[in-house]
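Comments concern the structure below.
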Amino acid sequence: MSDSSPIVEKIDPSLAAELRRPLPTYRAFFNSGMTAIALILTALAILPLGSILLEILLRGWQNLNWDVFTNLPAPAGVTDVPNGFGNAILGTLMMVGIASAIAIPVGVLTGIFLSEFGRNTAIGSSIRFIITILTGIPSIIAGVFAYGVLILNKVTQFSAVAGGFALAVIMLPIVALTTEEALKLIPNHQRLGSAALGANRLQTTFRIVVASAIPAITTGVLLAVARAAGETAPLLFTALFSISWPDGLFNPTPALSVLIYNYANSPDIGQNQMAWTAALVLVGLVLCISIISRMATRRRQ
């Protein structure tokens, strides 16, 4: 038998003939039908998302210019002054940054504990149960909780810190659960191989398991950031709003989501149109954060 013959023929010629035999008509029809159904259902699932994004793009693009990034909101009905919401963009970045600084380290460490150290323990099961419940609470409950803990107790006033804390409560369970699931996807033989080379449990966890799961963990973090950036109700209870530039971390702070809410409910048509532009900027902001994070993760890998 020549070296150029398929390896299957070298093992079993009858098996090679069986593999080359065309599928029966009913199986080929069933395979094509299931593929078509899957494509149709995928298109139906993507259609609402695509229509929303297209609507935001078409309506928001009309007023998108450099002024919206560098100027403050103009009074309703005034058209002879620059109109923008640079203060809301800055406020959103501040509060999402505060929330990320709180939720990402705590959430990742919690996910590591649940996956690597507390997987089959009572305390691990209890923590997982609590976090699972937290993922289903309405965002307004997180705002009321932050309001009661920080503002009613006079820890701070309506501010970026209070708003960031409320957003961190929303982000934390998402980061923790996605981290746990990402670590569970790492094959166990990598842990065993690391232990065989003399690494202790902490070295194996952080240098092998966590390092391999960074792309999946990043995805979970980005989902949490995207949700936090678009939340409105928690910020109404904690950060309020301001038409001026943010004045430190302990004063009322504007946010894009609150500005969209206010402008969408305004009787002024100009502010209604600016709400679409603010929505477009918010979507673009989340997209930029995702792209930068992906690039950094890919470079590291």
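- The environment of I243 atom CD1 is sparse: at most 12 non-hydrogen atoms of other residues, nucleotides or ligands sit within 6.0 angstrom.
- Atom CH2 of W245 is surrounded by more than 12 heavy atoms from other residues, nucleotides or ligands within 6.0 Å.
- Dense packing is recorded around CZ of R119, with more than 12 heavy atoms of other residues, nucleotides or ligands lying under 6.0 Å away.
- Proximity of T42 to L39: side-chain heavy atoms (C-beta onward) are nowhere separated by under 4.5 Å.
- Under the 4.5 Å side-chain heavy-atom criterion for Ile, Leu, Val, Met, Phe, Trp and Tyr, L287 and V68 are members of distinct hydrophobic clusters.
- Annotation: side chain of T219 is not in contact with side chain of T178 (no heavy-atom distance under 4.5 Å).
- Side-chain atoms of W276 and E55, non-hydrogen and from C-beta on, do get closer than 4.5 Å to each other.
- The minimum heavy-atom distance linking V286 with A229 is given by the pair CG2-CB, 4.1 Å.
- The shortest side-chain heavy-atom distance between P73 and Y263 falls under the 4.5 Å cut-off.
- Cluster membership check: L240 shares its hydrophobic cluster with L152, using side-chain heavy-atom separations under 4.5 Å among Ile, Leu, Val, Met, Phe, Trp and Tyr.
- Side-chain heavy atoms closer than 4.5 Å link hydrophobic residues (I, L, V, M, F, W, Y) into clusters, and following such links, possibly through other members, connects L49 to L57.
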Report task. Please report the C-alpha distance between Y147 and F158 in whole Å, then the side-chain angles of each, then the deciding distance to 0.1 Å, and finally whether the side chain to side chain contact (heavy atoms under 4.5 Å, CB included) criterion is met. Result -> CA-CA 8 Å; Y147 174 79; F158 295 101; 3.8 Å; yes
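- Between the side chain of N31 and the backbone N or O of R27 there is no donor-acceptor pair closer than 3.5 Å.
- Counting heavy atoms from C-beta on, the side chains of F85 and V281 come closer than 4.5 Å.
- Hydrophobic cluster membership is shared by L285 and L235, with clusters built from Ile, Leu, Val, Met, Phe, Trp and Tyr side chains linked at under 4.5 angstrom.
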Report task. Applying side chain to side chain contact (heavy atoms under 4.5 Å, CB included), run through V108 and F113 and close with a yes or a no. Result -> CA-CA 9 Å; V108 170; F113 172 79; over 6 Å; no
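- Listed for the N87 side chain is no donor-acceptor partner under 3.5 Å among the backbone atoms of P246.
- The CG atom of N251 sits 8.5 Å away from atom OG1 of T156, with the distance rounded to the nearest 0.5 Å.
- Checking side-chain atoms of Q273 against main-chain N and O of N63 turns up no donor-acceptor pair under 3.5 Å.
- In this structure, the side chains of L177 and I131 come closer than 4.5 Å at one or more pairs of heavy atoms.
- The distance from the CG atom of N265 to the CD1 atom of I260 is 12.0 Å, given to the nearest 0.5 Å.
- Between atom CG of residue L222 and atom CD1 of residue I292 there is a gap of 10.5 Å, rounded to the nearest 0.5 Å.
- Between the side chains of S139 and E231, at least one donor N or O lies within less than 3.5 Å of an accepting N or O.
- Annotation for S244 and L72: closest pair C-CD2, 4.0 Å, computed over non-hydrogen atoms.
- Hydrophobic cluster membership for L54: L58 (Ile, Leu, Val, Met, Phe, Trp, Tyr linked by side-chain heavy atoms under 4.5 Å, directly or transitively).
- In this structure, CG in L64 is found 16.0 Å from CZ in R59, a value given to the nearest 0.5 Å.
- Counting all heavy atoms, side chain and backbone alike, I208 lies closest to S194 at CG1-OG, 3.7 Å.
- Residues A166 and A146 approach most closely at CB-CB, 3.6 Å, considering heavy atoms.
- Distance alone, capped at 3.5 Å, is enough to place a donor-acceptor pair between the N200 side chain and the L202 backbone.
- Across A99 and L167, no two heavy atoms sit closer than the pair CB-CB, 3.6 Å.
- A 6.0 Å sphere centred on CD1 of I123 holds no more than 12 heavy atoms belonging to other residues, nucleotides or ligands.
- No side-chain heavy atom of T253 sits under 4.5 Å from any side-chain heavy atom of S242.
- Rounded to the nearest 0.5 Å, atoms OG1 (T179) and CG (L114) are 9.5 Å apart.
- Residue-environment remark: OH (Y261) stays at or below the threshold of 12 foreign heavy atoms within 6.0 Å.
- Partners of D67 by side chain to side chain donor-acceptor pair (under 3.5 Å), not counting sequence neighbours, listed by chain and number: N71.
- Closest heavy-atom contact between P82 and A74: O-CB, 3.9 Å.
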Report task. Would you sort out whether V209 and Q190 count as a side chain to side chain contact (heavy atoms under 4.5 Å, CB included), showing the intermediate values? Result -> CA-CA 8 Å; V209 180; Q190 293 191 16; 6.0 Å; no
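- For the atom pair OG1 of T205 and CD1 of I186, the computed distance is 11.5 Å after rounding to the nearest 0.5 Å.
- With E116 as reference, R191 is the one residue of R201, K184, R191 to meet the salt bridge (Lys or Arg N to Asp or Glu O under 4.0 Å) rule.
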Query raised in the report: Under the side chain to side chain contact (heavy atoms under 4.5 Å, CB included) criterion, do F117 and I112 qualify, and how do the steps go?
Result: CA-CA 7 Å; F117 301 97; I112 291 173; 4.0 Å; yes
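- In this structure the side chain of S159 never reaches within 4.5 angstrom of the side chain of L249, judged on heavy atoms.
- Other cluster members for I130: L134, I137, joined by side-chain heavy-atom distances under 4.5 Å among Ile, Leu, Val, Met, Phe, Trp and Tyr.
- Cluster annotation: M94 and L259 are assigned to distinct hydrophobic clusters (Ile/Leu/Val/Met/Phe/Trp/Tyr, side-chain heavy-atom contacts under 4.5 Å, transitive).
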